Structure formats: structure tokens, C-alpha cells
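Reviewing the structure listed below.
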Amino acid sequence: MIKQERLSLSRPLLKTKGFSTLHVQIFEYILVGKTNREINRILGYTQRSHAVVDHSRKVMYKLLAMEDLHKADFVERVIYPRKFQFWWMKLLTKHKAELKLMAIAPKFYE
């Protein structure tokens, strides 16, 4: 029972299953140098939540697809986005308008 409570506490409050503007916003936070812990605090997630990692990866995978690049060739850049932040920022700037058109407004559980 205690494990279930811990799991539910670390789950994000995001109700939206699809790609949302929150995903892009989180990725932008990463690119400007905010830590996962800072982003979790800003968005109201628990310290141990993996939402930041999961949501930002969704954006990275979409950017790779838009550039017609294969995931397998860019695993290191996905795992360490801060290390390659200038490269990611270039891709994000290039495709931001398209991402915003694809993204839906996030909905949250209350």
C-alpha cells in the first residue's frame, strides 16, 4: 500500500496524453540551464518525479523525426541534452513553429 502511495505522488498531474505545449516548455527550461529538480519545483512535481525527463524526451524525439535523423544515432544527445544544448536549441528554434502547431493545450487533474 505504501508503494502505491509513493507512485501516485511522483506521477505528474498532467491529464493530457498527447504532445502538449508543456512538453515544449519543459524542454526550453532544460536548454536554458535549469536542473530537473528546479523544473520539478516550478511545475509542482515531486523531487523524484521523472516527468521532466519523459516530457523532454518526447520533444527531442519529435525534433529528430522532423530532421529525418534516427534515434539510434543520437542516443547520447537525448540522454545528455544539457551537454548538447546549443545543438538542441538550434533544432528547437528551427522547428518551434511546427511544434506549437502540433501541440495541444495541457489539461491537469485537480
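Residue indices begin at 1 and follow the sequence shown. Keep in mind that the numbers below use all heavy atoms, side chains included, and drop hydrogens, waters and symmetry copies. Only a predicted model underlies this, so the values are computations on that prediction, with no experimental measurement involved.
Across Ala103 and Ser20, no two heavy atoms sit closer than the pair CB-C, 3.6 Å. In terms of heavy atoms, His55 sits closest to Ile26 at CD2-CD1, 3.6 Å. When all heavy atoms of Ala72 and Val75 are compared, the pair lying nearest together is O-CG2, 3.5 Å.
With Phe27 as the fixed residue, the side-chain contact (heavy atoms from CB on, under 4.5 Å) test singles out one of Val52, Ile39, Leu22, Leu63: Leu63.
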Should Arg57 and Val78 be marked as a side chain to side chain contact (heavy atoms under 4.5 Å, CB included) after you check the CA-CA gap, both sets of side-chain angles, and the distance that decides it? CA-CA 7 Å; Arg57 281 192 181 154; Val78 170; 4.0 Å; yes
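Taken to the nearest 0.5 Å, the CG atom of Leu91 stands 11.5 Å off from the CE atom of Met60. In this structure, CZ on Arg37 lies 13.5 Å from CD1 on Ile42, to the nearest 0.5 angstrom. In this structure, the separation between NZ on Lys100 and OG1 on Thr21 is 6.0 Å, given to the nearest 0.5 Å.
Residues satisfying the ring pair (Phe, Tyr, Trp, His ring centres under 6.0 Å) test with Phe74, not counting sequence neighbours, are Trp87. In this structure Arg82 satisfies the side-chain hydrogen bond (donor to acceptor under 3.5 Å, both in side chains) test together with Asn36, sequence neighbours excluded. By the side chain to side chain contact (heavy atoms under 4.5 Å, CB included) test, Lys62 is found to be paired with Phe19, Leu99, Met102, residues two or more places apart in sequence or in another chain being considered. Applying the side-chain hydrogen bond (donor to acceptor under 3.5 Å, both in side chains) test to Asn40 and every residue at least two apart in sequence or in another chain returns nothing. Residues that satisfy the salt bridge (charged side-chain N to carboxylate O under 4.0 Å, His left out) test with Glu28, not counting sequence neighbours, are Lys96. In this view, Gln47 satisfies the side-chain hydrogen bond (donor to acceptor under 3.5 Å, both in side chains) rule with no residue, not counting sequence neighbours. Annotation: side-chain hydrogen bond (donor to acceptor under 3.5 Å, both in side chains) contacts of Lys94 (sequence neighbours excluded): Glu67.
A donor-acceptor contact shorter than 3.5 Å is absent between the side chain of Ser49 and the backbone of Tyr45. Counting only distance, with no hydrogens or angles, the side chain of His95 and the backbone of Leu92 share no donor-acceptor pair below 3.5 Å. Judged purely by atom type and a 3.5 angstrom limit, Glu38 uses its side chain to pair as donor or acceptor with the backbone of Thr35. In this structure, Ser56 contributes its side chain and Val53 its backbone to a donor-acceptor pair below 3.5 Å.
Listed by first then second residue, pairs satisfying salt bridge (charged side-chain N to carboxylate O under 4.0 Å, His left out) with a partner in residues 71-80 read Glu76-Lys83, not counting sequence neighbours.
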